[in-house]
Asks: 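Take this structure first; my questions come after.
Count residues from 1 along the sequence. This structure is a prediction, so every number in the text was calculated from the model and none was measured.
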Amino acid sequence: MKIDMTRGQPVVDAADLGPLLGVAPADVPALMRAGEITSRFETGEGEDAGRMRLTFFYNGKRVRLTCTTQGEVLSTIKTPAPPRM
C-alpha cells in the first residue's frame, strides 16, 4: 500500500482502506461522504518530522497508518475506537 499526496493531502485507495475497515471498497466513497467513515491527518514534528499519521474511524474501529511523507506505509494498527463523547 502506498499513500498518494495530492495538493498536500493524503489520498488512500478505497481498495486498500475498505478491507482494513471491514467494508467493500466500492462502499468507501459513499460512507465517507455520509460521514460514517471519518479521518484525521497529522504531520510529524521534531523527531517525527518526515512522517505523517492517518487515522480512520468506522463502526467502532480505528485504523492508524504511519507513513513517510513520500507515502510509504511504515506501520498499520487496527484497534477498537474509543467512544465519542
Asks: Can you give me the closest heavy-atom contact between Ala26 and Pro29, atom names plus distance?
Replies: O-CD, 3.7 Å

Asks: Do Leu74 and Phe41 belong to the same hydrophobic cluster, where Ile, Leu, Val, Met, Phe, Trp and Tyr are linked whenever their side-chain heavy atoms lie under 4.5 Å apart, directly or via other members?
Replies: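 Result: no, two separate clusters.
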
Asks: Not counting sequence neighbours, which residues clear side-chain contact (heavy atoms from CB on, under 4.5 Å) with Arg7? List them please.
Replies: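 So Arg7 forms no side-chain contact (heavy atoms from CB on, under 4.5 Å) with any residue.
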
Asks: Going through the distances and angles, do Val11 and Ile3 end up as a side-chain contact (heavy atoms from CB on, under 4.5 Å)?
Replies: CA-CA 6 Å; Val11 177; Ile3 309 304; 5.9 Å; no

Asks: Roughly how far, to the nearest 0.5 Å, is the OG1 atom of Thr43 from the CZ atom of Arg51?
Replies: 13.5 Å

Asks: When rounded to the nearest 0.5 angstrom, what distance separates CG in Leu65 from OG1 in Thr76?
Replies: 5.0 Å

Asks: List the residues meeting salt bridge (Lys or Arg N to Asp or Glu O under 4.0 Å) with Glu72, not counting sequence neighbours, and say none if there are none.
Replies: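 Glu72 satisfies salt bridge (Lys or Arg N to Asp or Glu O under 4.0 Å) with no other residue.
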
Asks: Looking only at non-hydrogen atoms, find the nearest pair between Pro19 and Pro25 and report the distance.
Replies: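 Heavy atoms of Pro19 and Pro25 come nearest at CD-CG, 4.3 Å.
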
Asks: To the nearest 0.5 angstrom, please state how far the CE atom of Met52 sits from the CD atom of Gln9.
Replies: 10.0 Å

Asks: Check for a donor-acceptor pair, side chain of Lys2 on one end and backbone N or O of Val12 on the other, with a separation under 3.5 Å.
Replies: no

Asks: Are Ile77 and Ile37 linked, directly or through intermediate hydrophobic residues, by side-chain heavy-atom contacts shorter than 4.5 Å (ILVMFWY only)?
Replies: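 In one cluster: no.
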
Asks: What's the shortest heavy-atom distance between Val73 and Met1, and which atoms?
Replies: CG2-O, 3.7 Å

Asks: Show me the side-chain donor-acceptor pairs of residues 54-63 shorter than 3.5 Å, one per line, residues at least two apart or across chains.
Replies:
unit_1, atom_1, unit_2, atom_2, d
Thr55, OG1, Arg64, NE, 3.4
Lys61, NZ, Leu21, O, 3.1
Arg62, NE, Thr79, OG1, 3.1
Arg62, NH2, Thr79, OG1, 3.3

